[in-house]
Amino acid sequence: MGFDRSDDACVYRLTDQLALVQTVDFFPPMVDDPYLFGQIAAANALSDVYAMGGAPRTAMNLLCYPACLPPEMVGEILAGGLSKVQEAGAVLAGGHTIQDEEPKYGLCVTGLVDPKRVLTNAGAQPGDLLVLTKPLGTGILTTALKAGMVSPEQFAPAAASMAALNRRAAEIAQAFPVHACTDITGFGLLGHAYEMAAASGVSIRLFAGQVPRFAQAIALAEMGLLPAGAYANAAYLQKRCIYAPQLSRALQDLLADPQTSGGLLLAVPAAQAGELCRRLQEELPEARLVGQVEAFHEAALWVE
């Protein structure tokens, strides 16, 4: 499996019982705290392996930094990343650094998976329900933080969510017949749901009012505090998505908001979706049923 269906990572079969999952991701800081930035960037990269049903085993640092950045700040970024690699049960095996005008950090991650248990974004079936494991709004809140419109205390729940691994969500989901999975990152919930629908040959209906969100996200979206990626996502999906007439602009913007280290979106048979959601909520209280899968009709994505 590769990039032909916009999956989260590539999978390379080694034997009938074992396959490699490989991914890479890195980006510039979205928070001022270097340790927290390292945690978020690492959690984001590790998430791709969880989205494919795998378990991370090794990781390698990718770090760009300007010569003026104090060495102790570089160390804090790397320490934050290491903490998440260790939490994932993986081994940090070196990496590569270069000088650049802007700091950037992330990981190249290798995981393992049973080829018979690989998850992709292409298996959603009519009748499935969709479960989302983290709230939306990290892009909006990060933009508001940079503009001084939210305090560090108000931003703290979003920071904690971005730094949280998707490990437990993936482990809990392994006990259920998950048909498709993806993690929600730069294309927002709308973009990644569209990719799942297109790859699966189905239509996905999202229930906007049931989508988990951070407390200030809608109010900030109404004020126009949106990252550039939200506009790009909305423009790309304009002719690929049908919105209910009563859906507010702010809610549409929230669904298009690019996420950093967002949650997993899981397509599960309706008979098991409620129990999966209940089990997730025992440890991840923001998990919600957010949509359903239907036979394709008129558009790949419907939002109501």
Side-chain angles (χ1 to χ4, degrees), residues 27-33 35-37 39-44 46-47 50-51 80 84 130-169 182-193 206-234 237 243 247-266 277 280-291 303-304:
F27 44 63
M30 73 299 297
V31 294
D32 292 332
D33 184 319
Y35 186 84
L36 177 60
F37 167 51
Q39 288 187 310
I40 292 170
N44 183 74
L46 290 160
S47 181
Y50 295 126
K84 288 297 162 177
L130 297 172
V131 178
L132 180 63
T133 65
K134 284 186 182 182
L136 299 182
T138 59
I140 293 169
L141 281 155
T142 300
T143 301
L145 181 69
K146 292 176 180 177
M149 299 299 291
V150 296
S151 68
E153 291 75 23
Q154 291 172 316
F155 183 73
S161 178
M162 288 189 287
L165 295 179
N166 279 322
R167 178 177 182 172
R168 282 302 296 146
T182 188
D183 65 340
I184 308 304
T185 51
F187 296 140
L189 177 59
L190 283 183
H192 290 285
L206 294 174
F207 307 134
Q210 296 176 204
V211 171
R213 68 200 73 163
F214 293 105
Q216 305 97 332
I218 290 293
L220 293 168
E222 289 173 342
M223 296 168 62
L225 287 162
L226 302 172
Y231 295 104
N233 290 340
L237 292 164
Y243 298 96
L247 200 68
S248 71
R249 182 72 234 183
L251 198 44
Q252 292 181 42
D253 290 336
L254 175 71
L255 298 179
D257 183 39
Q259 304 301 286
T260 298
S261 189
L264 299 181
L265 182 67
L266 301 148
C277 199
L280 286 168
Q281 288 172 347
E282 291 176 357
E283 300 183 43
L284 307 166
E286 297 286 354
R288 296 288 187 278
L289 289 168
V290 298
V303 185
E304 64 180 37

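A distance of 11.0 Å separates CG of L132 from CG of D183, quoted to the nearest 0.5 Å. Separation of atoms CG (L237) and CZ (F187) is listed at 9.5 Å; rounding is to 0.5 Å. Taken from CG in L247 to CG in L254, the straight-line distance is 10.0 Å, to the nearest 0.5 Å. Rounded to the nearest 0.5 angstrom, R167 CZ and S47 OG are separated by 13.5 Å.
A donor-acceptor contact shorter than 3.5 Å is absent between the side chain of N233 and the backbone of G191. A donor-acceptor contact shorter than 3.5 Å links the side chain of Q259 to the backbone of D257. Of the possible polar contacts, none joining the D32 side chain to the F37 backbone as a donor-acceptor pair under 3.5 Å is found. Side-chain N or O atoms of K84 include one that pairs as donor or acceptor with a backbone N or O of A163 at under 3.5 Å. At least one donor-acceptor pair closer than 3.5 Å links the side chain of R288 to the backbone N or O of P285. Proximity of a side-chain donor or acceptor of T143 to a complementary backbone N or O of G139 within less than 3.5 Å is detected. Without hydrogens or angle criteria, K134 side chain to S261 main chain gives a donor-acceptor distance under 3.5 Å.
Nearest heavy atom pair, residue L206 against residue A193, reads CD1-CB, 4.2 Å. In this structure, L225 and A147 approach most closely via the heavy-atom pair CD2-CB, 4.1 Å. Contact record, T133 with L264: OG1-N, 2.8 Å, taken as the closest heavy-atom pair. Between I140 and A221, the shortest heavy-atom contact is CD1-CB, 4.0 Å. Looking at every heavy atom in both residues, P135 comes nearest to S161 through CD-OG, 4.2 Å. The two residues A217 and L136 make their nearest non-hydrogen contact at CB-O, 4.3 Å.
Proximity of M162 to T142: side-chain heavy atoms (C-beta onward) are separated by under 4.5 Å at one or more points. Side-chain atoms of L190 and Y243, non-hydrogen and from C-beta on, do get closer than 4.5 Å to each other. Between H192 and L265, the closest side-chain pair of non-hydrogen atoms is not below 4.5 Å. When side chains are defined from C-beta on, L220 does not count as touching F214, because their heavy atoms never get closer than 4.5 Å. A heavy-atom distance below 4.5 Å is found between the side chains of Q216 and L141.
For the side chain to side chain contact (heavy atoms under 4.5 Å, CB included) with V290, the qualifying choice from V131, L255, V211 is V211, the only one to do so.
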Does the pair Y231 and L226 meet the rule for a side chain to side chain contact (heavy atoms under 4.5 Å, CB included), with working shown?
-> CA-CA 8 Å; Y231 295 104; L226 302 172; 3.6 Å; yes
